[in-house]
2 protein chains.
Amino acid sequence: MVKLVDVAREAGTSVATVSRALNNNERVDPALAERVRAAAAKLGYRPNFVARNLRRQSTKLWLLIISDIEIAFFTSVARGVEDTALKHGYAVVLCNADEDDHKEARYVDLAVAEQAAGVIISPHSDHTHIERLIDAGIPVVLIDRGLDEPVDSVTADSRGGAQAATEHLLQQGWERPACITGPQSAQTAVQRRLGYEDALKSASIKTRRVVHRPFTIEGGRTATAGLLDRNRPPDSLFVANAALTLGVLQELQTRGLRPGTDIGLVCFDDAPWAPFIDPPISVVSQPAYRMGTQAAGLLVERISGGRDAPPRRIVLGTDLIVRSSSLHPAR
Amino acid sequence: MVKLVDVAREAGTSVATVSRALNNNERVDPALAERVRAAAAKLGYRPNFVARNLRRQSTKLWLLIISDIEIAFFTSVARGVEDTALKHGYAVVLCNADEDDHKEARYVDLAVAEQAAGVIISPHSDHTHIERLIDAGIPVVLIDRGLDEPVDSVTADSRGGAQAATEHLLQQGWERPACITGPQSAQTAVQRRLGYEDALKSASIKTRRVVHRPFTIEGGRTATAGLLDRNRPPDSLFVANAALTLGVLQELQTRGLRPGTDIGLVCFDDAPWAPFIDPPISVVSQPAYRMGTQAAGLLVERISGGRDAPPRRIVLGTDLIVRSSSLHPAR
DNA sequence: TCGAACTGAGCAATCGATTACACAGAACAT
DNA sequence: ATGTTCTGTGTAATCGATTGCTCAGTTCGA
């Protein structure tokens with residue numbers, strides 16, 4: 001590897017001058033600077049970030065720790081974060097915590113040890129590890145899931161969206177809805193459940209029919225099976241995420257039940273395939289990409305601006321997209 | 001931040017001893033080592049990786065550079081890589097090159113600058129930047145897409161899978177297939193096209209009907225529109241990836257054409273939603289997770305074992321999964 | 001008993017880039 | 001002509017952990 005001292009030798013000057021010339025020409029003779037640049041190019045010099053970071057005690061690297069990379073929502077978020085980061089000269093790397101507390105902790109430690117410039121994280125549960133980041137003075141922005149901590153956050157209005165979705169089912173004429181949501185530990189799962197219950201309350205429906213499961217296809221399948229095997233099974237479902245939805249569809253298919261005909265269905269989180277399912281799925285859509293850009297924006301401000309400005313919580317609205325799966329056959 | 005010297009002071013010894021005690025006790029008095037560990041724990045010491053990496057000239061970090069994070073195939077690969085990496089003590093971060101040469105170059109530079117222990121990459125095109133990695137002595141494993149370079153690689157048998165898919169269409173009784181594939185620059189796109197053409201050749205069909213597009217929903221849509229607007233439109237489609245497939249479905253829906261009834265359809269790459277589309281999509285499935293674990297295995301061997309062992313190319317088989325979209329109504 | 005071999009621990013060099021400080025020479029003021 | 005300021009460059013300290021080298025003290029064999 002060619003290093004600063006090699007460039008200095010080639011250009012016939014000192015390492016200090018080379019460093020200055022290559023960085024921002026702060027008072028370096030233009031002719032010399034040009035010679036240095038030429039020498040660096042000739043030798044193919046690439047700065048060693050490890051050394052630079054050690055000296056500067058800072059990096060241009062963000063960690064984006066997401067709770068499950070297989071959820072399409074997060075990949076859109078990631079793209080939003082990345083596009084914004086790039087504009088501000090930061091590189092973003094993704095870490096997949098996989099809904100696993102232990103893995104999340106590992107990545108948080110990585111952020112500290114590598115002295116990341118900032119972290120955007122969708123915390124797995126309330127019992128999270130962001131304290132370590134705060135202790136280490138690393139700016140943090142929460143995404144998708146908020147916490148009680150005084151930290152910047154960007155979330156979608158899960159509760160409102162869930163309520164709207166459930167009200168839509170009721171308006172359609174479905175009478176016995178159920179809710180399939182994620183684990184109790186996930187704030188989004190709880191919020192979506194609460195929104196569902198808000199709608200039931202307004203409609204004076206007493207039976208709750210709520211099932212918590214991991215946010216997975218398998219979770220959706222078993223939850224659906226359990227609900228349909230009850231004595232008084234639900235006639236419609238509000239499902240809290242796209243992975244769960246695939247499991248629901250699988251179980252419905254097995255039983256020969258057709259959404260929109262035999263059972264009403266609305267899901268949280270729009271997926272690119274939702275319009276092509278048989279029948280097309282009605283969904284609550286979240287502005288995933290925009291959540292990413294907003295979170296990145298907050299992080300940039302937090303890093304460069306005031307570190308002790310009061311935390312900001314951005315809540316973005318959701319849209320109900322009615323397709324066919326939620327329509328009642330009688331109407 | 002508490003550092004080694006603080007721990008040394010607390011434990012009443014020198015930094016050298018603390019370092020040794022905290023690493024692998026190589027000849028440190030057990031009692032002293034215990035005192036050191038206690039001091040470290042009390043002070044909450046976390047090693048500074050930046051400094052460690054600089055000194056050791058090596059890290060425990062892998063970069064996984066994938067060409068598009070929104071493709072579900074890659075997220076499965078990522079999980080495979082990660083699970084294996086973890087077992088061997090490496091941390092993996094994902095970088096999304098987004099089918100963009102420039103972004104890919106940025107991440108390759110990041111790998112060099114951060115002195116990554118290894119890189120797994122699905123190169124955007126032949127004109128790739130892995131030479132820089134090789135020059136820097138960083139072990140590389142290619143995934144999904146191979147190159148002419150003498151580098152380890154793990155790929156799926158795209159050509160064979162495409163051929164099998166196309167032969168299946170022909171056997172079903174479809175007579176005028178077309179192929180919608182990715183950009184010429186992507187090796188997988190070309191291989192799948194070639195497999196398609198192999199099948200046509202065996203069946204003595206002369207008309208090729210091949211369209212190249214970016215691997216996106218929009219690409220699938222416009223390709224389908226273009227094909228159907230021809231004088232003699234195809235009666236069936238072989239589509240080279242899941243994103244393209246969504247675009248195809250969109251256009252077919254617009255025109256009121258139903259796969260398996262009005263037009264035959266087989267797609268490369270199984271997606272979790274494929275069974276639930278109307279009608280369920282026949283696909284060629286790739287062992288994505290296993291590709292990830294295999295690639296990680298190669299990288300581990302390359303790092304620890306011989307750096308100059310001859311490169312290995314692993315090609316994994318694919319499975320044709322017949323659902324309904326490819327069936328001919330006459331049969 | 002004496003020297004060789006070994007053990008455990010500390011000193012100081014090292015990784016590569018940045019930057020505080022020093023300093024020579026030019027430009028300028030008096 | 002002499003002192004002051006400014007410019008551009010070089011020397012050396014620094015970031016924090018690792019590790020080669022050194023050395024005091026101990027063990028062991030002859």
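What you see is a predicted model; the values in this text were computed from it and never measured. All chains are named by letter (A, B, ...) in the order of the sequence lines, taking the proteins before the strands, and each is independently numbered beginning at 1.
Leu142(A) places none of its side-chain heavy atoms less than 4.5 Å from the side chain of Val154(A). Residues Leu4(A) and Tyr45(A) have side chains in contact (heavy-atom distance under 4.5 Å, counting atoms from C-beta outward).
Pairs of residues two or more places apart, or lying in two chains, never qualify as salt bridge (charged side-chain N to carboxylate O under 4.0 Å, His left out) while including a residue from residues 110-125 of chain A. Listed by first then second residue, pairs satisfying salt bridge (charged side-chain N to carboxylate O under 4.0 Å, His left out) with a partner in residues 47-68 of chain A read Asp68(A)-Arg79(B), not counting sequence neighbours. Annotation: salt bridge (charged side-chain N to carboxylate O under 4.0 Å, His left out) contacts involving residues 290-303 of chain B, sequence neighbours excluded, comprise Asp152(B)-Arg302(B), Glu301(B)-Arg312(B).
As rounded to whole Å, 12 Å separates atom P of dT19(D) from atom CG of Asn53(B). Atom pair Arg20(B):CZ and dT18(D):C1' shows a separation of 9 Å (rounding to whole Å applied).
The heavy-atom pair separating Val108(A) from Arg132(A) by the smallest distance is CG1-CB, 4.1 Å. Of all the heavy atoms in Ile138(A) and Ala111(A), the pair that sits closest is CD1-O, 3.6 Å. Taking all atoms of both residues into account, the shortest heavy-atom contact from Ala186(B) to Phe215(B) is CB-CE1, 4.1 Å.
At a non-hydrogen distance threshold of 4.0 Å, Arg55(A), Gln57(A) from residues 55-62 of chain A come into contact with DNA chain D. If you check residues 105-114 of chain B against DNA chain C, you find no residue with a heavy atom closer than 4.0 Å. Residues of residues 3-19 of chain A that place a heavy atom closer than 4.0 Å to DNA chain C, in numerical order, are Lys3(A), Leu4(A), Ala16(A), Ser19(A).
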Would you list the atom pairs, donor with acceptor, under 3.5 Å between side chains in residues 35-42 of chain B and any protein atom, with sequence neighbours excluded?
unit_1, atom_1, unit_2, atom_2, d
Arg35(B), NE, Ala11(B), O, 3.2
Arg35(B), NH2, Ala11(B), O, 2.9
Arg37(B), NH2, Glu34(B), OE1, 3.3
Lys42(B), NZ, Glu10(B), OE2, 2.8

Per-pair distances, 0.1 Å, donor-acceptor, side chain in residues 143-151 of chain A, under 3.5 Å, sequence neighbours excluded:
unit_1, atom_1, unit_2, atom_2, d
Arg145(A), NH1, Pro123(A), O, 3.4
Arg145(A), NH1, His124(A), O, 3.4
Arg145(A), NH2, Ser67(A), OG, 3.3
Arg145(A), NH2, Glu99(A), OE2, 3.2

If you look only at distance, which donor and acceptor atoms sit under 3.5 Å apart when one is on a side chain in residues 83-95 of chain A and the other is two or more places apart or in another chain?
unit_1, atom_1, unit_2, atom_2, d
Asp83(A), OD1, Lys103(B), NZ, 3.4
Asp83(A), OD2, Tyr289(A), OH, 2.7
Thr84(A), OG1, Gly80(A), O, 3.1

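If one axis is set at each end of the helix from dT1(C)-dA30(D) to dT30(C)-dA1(D) from five pairs, those axes are 50° apart, to 10°.
In this structure, a donor-acceptor pair under 3.5 Å is absent between the side chains of Gln115(A) and Asn53(A).
Positionally, the nearest nucleotide of DNA chain C for Pro30(B) lies more toward the 5' end than for the other of Asn48(A) and Pro30(B). The nearest heavy atom of DNA chain C to Met1(A) and to Leu32(B) marks one nucleotide each, and the one closer to the 5' end goes with Leu32(B).
A nucleotide of DNA chain C counts as in contact with chain A when one of its atoms lies under 4.0 Å from a heavy atom; the first and last such, 5' to 3', are dG16(C) to dA20(C).
Separating the CD1 atom in Ile120(B) from the CG atom in Leu299(B) is a distance of 5.0 Å, to the nearest 0.5 Å.
A salt bridge links Arg9(A) with Asp6(A); the closest basic N to acidic carboxylate O contact falls under 4.0 Å.
By the side chain to side chain donor-acceptor pair (under 3.5 Å) test, Thr17(B) is found to be paired with Ser14(B), residues two or more places apart in sequence or in another chain being considered.
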